[in-house]
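What follows is one structure encoded as C-alpha cells, with my remarks underneath.
Quick caveat: nothing in here was measured; it's all calculated off a predicted structure.
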Amino acid sequence: MLRAAILGATGAVGQTFVRLLADHPLFEVVSVVASERSAGKPYREAANWVQATPMPDRIGDLVVKSVDAAPEADVVFSGLDASVAGDVEADFARRGYAVVSNARNYRMDPTVPLLIPEVNPDHLALIDRQTWGEGFIVTNPNCST
C-alpha cells in the first residue's frame with residue numbers, strides 16, 4: 001500500500017479525499033495536513049465533518065499536521081483551495097512528494113499532466129519534464145471530474 005497524506009484535510013474536498021481513501025485497497029491515509037489553527041489537534045476535533053458517512057475512526061485519531069511538516073507519505077492528495085495550493089503543492093513537490101492536486105493552479109502548466117487515468121494514462125510521461133526535483137505534480141482537468 002502507498003502511504004497517503006491529505007492536504008487541506010479539514011475542508012470539504014479534503015474530507016472527500018479522506019472518505020474515498022479510508023478503505024482504499026492501494027492507499028493508507030497516514031497523515032492529515034491543514035492550517036496552523038487545526039495543527040496539533042486530533043482530526044476528529046479539527047474537522048467539521050460534512051460527509052454523508054461517519055468519519056473513519058482510525059483517521060479521526062490522527063493528529064493534524066501543519067503544511068510545514070514532513071509527513072511520512074509516498075503520495076500527497078491536495079484538497080487545498082487555489083488561493084494557497086500553488087505555493088504549498090510546489091513546496092511538497094520540491095521536497096520529493098508525488099502531489100495529486102484538485103486545484104486549478106497547475107492545470108495550464110505544459111509539464112503537469114491533466115490526468116484521467118482511464119482515459120489518458122500516457123500523459124504521465126509529462127512528469128519527466130518537471131523540474132521540482134524528486135517530486136512531481138499531477139492534477140485533474142476540472143474539480144468536478
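Take Arg37 and apply the side chain to side chain contact (heavy atoms under 4.5 Å, CB included) test, not counting sequence neighbours, and it matches Ser35. Every residue meeting the side chain to side chain contact (heavy atoms under 4.5 Å, CB included) condition with Glu45, not counting sequence neighbours, appears here in chain and number order: Pro42.
The heavy-atom pair separating Thr139 from Ala103 by the smallest distance is OG1-O, 3.3 Å. Across all non-hydrogen atoms, the minimal contact from Lys41 to Ala46 is CB-CB, 4.1 Å. Between Tyr106 and Gly86, the shortest heavy-atom contact is OH-O, 2.7 Å. Contact detail for Ser38 and Ala34: the closest heavy-atom pair is CB-CB, 3.9 Å. In terms of heavy atoms, Ser66 sits closest to Glu36 at CB-OE2, 3.0 Å.
At most 12 non-hydrogen atoms from other residues, nucleotides or ligands lie less than 6.0 angstrom from CZ of Arg104. Residue-environment remark: CG (Asp23) stays at or below the threshold of 12 foreign heavy atoms within 6.0 Å.
A chain of hydrophobic side-chain contacts below 4.5 Å, direct or via other Ile, Leu, Val, Met, Phe, Trp or Tyr residues, connects Val88 to Val33. Under a hydrophobic-cluster definition in which Ile, Leu, Val, Met, Phe, Trp and Tyr are linked whenever side-chain heavy atoms come within less than 4.5 Å, directly or via other members, Val76 and Val84 are assigned to the same cluster. A continuous path of ILVMFWY side-chain contacts below 4.5 Å connects Trp132 to Val99, so both sit in one hydrophobic cluster.
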Criterion side chain to side chain donor-acceptor pair (under 3.5 Å) on Thr111 and Gln130, from CA distance to verdict
CA-CA 6 Å; Thr111 67; Gln130 293 184 18; 4.6 Å; no
Would you sort out whether Met1 and Asp74 count as a side-chain contact (heavy atoms from CB on, under 4.5 Å), showing the intermediate values?
CA-CA 10 Å; Met1 291 181 82; Asp74 304 302; over 6 Å; no
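Here CG of Asp109 is found 11.0 Å from CZ of Arg129. Values are rounded to the nearest 0.5 Å. One finds the CG atom of Leu20 at 9.0 Å from the OG1 atom of Thr53 (value rounded to the nearest 0.5 Å).
Residues Arg94 and Glu89 are not in side-chain contact: their nearest non-hydrogen atoms beyond the backbone lie 4.5 Å or more apart. A 4.5 Å side-chain heavy-atom check between Ile127 and Pro113 finds at least one atom pair inside the cut-off. Using a 4.5 Å heavy-atom cutoff, the side chains of Glu72 and Val30 are not in contact. Inter-residue side-chain proximity for Asn140 and Leu114 is flagged as unmet; no heavy-atom pair is nearer than 4.5 Å.
Geometrically, Arg95 engages Phe92 in a cation-pi contact defined by less than 6.0 Å to the ring centre and at most 45° from the axis.
Side-chain atoms of Asn120 never come within 3.5 Å of backbone atoms of Leu115 as a donor-acceptor pair (strictly under, hydrogens ignored). Side-chain N or O atoms of Asn105 include one that pairs as donor or acceptor with a backbone N or O of Ala82 at under 3.5 Å. A donor-acceptor pair is defined here as one N or O able to donate and one able to accept, closer than 3.5 Å; such a pair exists between the side chain of Gln15 and the backbone of Asn48.
Hydrophobic cluster of Val18: the remaining members, joined at side-chain heavy-atom separations below 4.5 Å, are Leu2, Ile6, Val13, Phe17, Leu21, Leu26, Phe27, Val29, Val32, Tyr43, Trp49, Met55, Ile59, Leu62, Val64, Val75, Phe77, Val100, listed by chain and number.
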